[in-house]
Amino acid sequence: EAGVAQSPRYKIIEKRQSVAFWCNPISGHATLYWYQQILGQGPKLLIQFQNNGVVDDSQLPKDRFSAERLKGVDSTLKIQPAKLEDSAVYLCASSAVGTGESTGELFFGEGSRLTVL
Amino acid sequence: GNSVTQMEGPVTLSEEAFLTINCTYTATGYPSLFWYVQYPGEGLQLLLKATKADDKGSNKGFEATYRKETTSFHLEKGSVQVSDSAVYFCALSGYSTLTFGKGTMLLVSP
């Protein structure tokens, strides 16, 4: 079974530039998550999708971050304009368990490491 | 709100030593508890879980018991190997997703 795919693995940009990350979840997984992991901290949820609808985006900085999940499969996370404090690893995860149920196992991709100079 | 507190690392051990990584939590209701592991260069992966009080999760020689009275879920292993070197994250389930601790790095030397 193929795992969660993310790209690019690494990205270096200057502040105020834009960047986009792509995620392809495990086939058949209805729920998709984007987490931000700053060095030395645990992952923090940015946004959660159930199929192509947003379940939770309460911690997404909406003035600069946006995410979409067209057709309920792949997802894209965009940052525009980037700030220095956005330097982090952006993790995508998927789960077969739907909203409102006991959280099952999340399957994580390898992450996309962003450096903002 | 929900939160998870882990002991700070790095934890440095010799091979075959006993491991304990402490984890305590604050949560409303009755969350499930998890330990995830992140090996160098890889994504997070579930190590073990427990869904109710007094449950013991176990995998690959690691164990953790869900203690509701002390709100703890400490990770233990009787004899660590060099290949166990990784970052370990304690997490709890909320309504529909996970809240993670900051992670504890484990370094095992031969």
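Because only heavy atoms are used, hydrogens play no part in the values below, and waters and symmetry mates are left out as well, while side chains stay in. Note that the structure is predicted; figures quoted are calculated from it, not measured. Note on naming: letters A, B, ... go to the chains in the order of the sequence lines (proteins, then strands), and numbering restarts at 1 for each one.
There is no side-chain donor-acceptor pair under 3.5 Å between A:E68 and A:T76.
If you measure heavy-atom distances from B:Q6 to chain A, you find no contacts under 4.5 Å at all. Neither the backbone nor the side chain of A:Q6 comes within less than 4.5 Å of any heavy atom in chain B.
Contact check for A:K83 versus A:R64: side-chain heavy atoms found under the 4.5 Å cut-off. Here the side chains of B:Y88 and B:W35 are in contact, with some heavy-atom distance below 4.5 Å.
Under 4.0 Å is where a charged nitrogen must lie from a carboxylate oxygen, and between A:R9 and A:E110 at least one such pair does.
In terms of heavy-atom pairs under 4.5 Å with chain B, the best-connected choice from A:A93, A:P43, A:G40 is A:P43.
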